[in-house]
Protein chains: 2
Amino acid sequence: MITFRDKVYRCPVELTIELIGGKWKAVLLWELSNKTLRFNELIRLFPNTTRKMLAQQLKEMERDGLILRQEYYQIPPKVEYSLTAFGKSFMPVLFSMNQWGMDYMAENIQE
Amino acid sequence: MITFRDKVYRCPVELTIELIGGKWKAVLLWELSNKTLRFNELIRLFPNTTRKMLAQQLKEMERDGLILRQEYYQIPPKVEYSLTAFGKSFMPVLFSMNQWGMDYMAENIQE
DNA sequence: CTGGATCCTCGAGGATACTG
DNA sequence: CAGTATCCTCGAGGATCCAG
């Protein structure tokens, strides 16, 4: 049992799930893994989600120190999203999650 | 874009999150990582959840091939849950998620 | 272009009681 | 002991419109 920010966790895994388990967060990290993207580019990458949801999840991930939001004060506005050093530190985990997901599909392709 | 079981995934990570992203799934895997547990033992380990939810998540994980449900036909009933080989193959990922969660806490302990 | 504000849906998750 | 059956809550996620 660990207490962190007034919340009790059974193990650090629970916290990790909370940080990256949101509906689009892991995939957002995936898309940002090797590039910087603007808000509208992300919108186009996720045609099945809404601006609100994307903005919300990006905001949470920024608050949690996973991504960096860089705003250019110009007209028209321009905002770029990229990974922080800590966000990048999640990449190995993400890659192993990716590999495991691929293994799962490979093993269950015939069903 | 990958289609698997009539659902479209952006990347295998999305599938992985679906398989282990449920509220208790990752922690269930964690608890079962090195031991076999009976239903009531799991109930006692999760005082903040209900039989229904635990049974539901266990059922899904059994369906997804992550855990093994072994029923002993006796009175009183006895059911043991353990990890399948495929469930065990997720352990390295889980450990890295655990380590990363610990790192996160360590870096943010002063806030 | 990058969001915020508002209102709404819907299903994950919970409370409680019952059963083989 | 190991669950189901029912009913219900509540908030994540969505639709839509507005704003700097």
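Proteins get letters first, then strands, A, B, ... in listed order; numbering begins at 1 in each.
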Checklist entry - With sugar-phosphate meaning primed atoms plus P, OP1 and OP2, does Gln57(A) contact a base, only sugar-phosphate, or nothing at under 4.0 Å between heavy atoms? => result sugar-phosphate

Item to check | Salt-bridge present (Lys7(B), Glu18(B); N to O < 4.0 Å) | outcome: yes

Checklist entry - Considering all heavy atoms of both residues, which atom of Val27(B) and which atom of Cys11(A) are nearest to each other, and what is their separation? => result CG1-SG, 4.4 Å

Next on the checklist: Tell me the interatomic distance from Trp24(B), atom CH2, to dG14(C), atom C1', rounded to whole angstroms.
Outcome noted: 11 Å

Next on the checklist: For the NZ atom on Lys88(A), are there more than 12 heavy atoms of other groups (residues, nucleotides or ligands in this structure) within a distance under 6.0 Å?
Outcome noted: no

Checklist entry - What's the verdict on side-chain contact (heavy atoms from CB on, under 4.5 Å) for Asp64(A) and Asn108(B), showing C-alpha distance, side-chain angles and the deciding distance? => result CA-CA 9 Å; Asp64(A) 294 336; Asn108(B) 295 280; over 6 Å; no

Checklist outcome for this item: chain B vs DNA chain D, heavy-atom contacts under 4.0 Å, first-to-last nucleotide span, 5' to 3', is dC1(D) to dT6(D)

Checklist entry - Which whole-number value in Å describes the distance from Glu41(A) CD to dT2(C) C1'? => result 13 Å

Checklist outcome for this item: Comparing nearest nucleotides in DNA chain D, the 5'-proximal residue of the pair Arg51(A), Gly22(A) is Gly22(A)

Checklist outcome for this item: In numerical order, the residues of residues 64-81 of chain A whose heavy atoms come under 4.0 Å of DNA chain D are Pro77(A)

Checklist entry - Does the ring of Phe46(A) carry Arg51(A) above it, NZ/CZ under 6.0 angstrom from centre and within 45° of its axis? => result no

Checklist entry - Quick one: are Lys59(B) and Arg69(B) in side-chain contact, heavy atoms under 4.5 Å? => result no

Item to check | Between C1' of dG3(C) and CG of Asn40(A), the distance in whole Å | outcome: 10 Å

Next on the checklist: Less than 6.0 angstrom from the centroid, inside 45 degrees of the normal: does Arg44(A) satisfy that with respect to the ring of Phe39(A)?
Outcome noted: no

Next on the checklist: Please check this pair: side chain of Thr84(A) against backbone of Gly65(A), looking for a donor-acceptor N/O pair closer than 3.5 Å.
Outcome noted: yes

Checklist entry - Taking only N and O in the side chain of Thr49(B), is any of them less than 4.0 Å away from OP1 or OP2 of dG14(C)? => result yes

Item to check | Under 4.0 angstrom between Lys52(B) side-chain N/O and dT16(C) OP1 or OP2 | outcome: no

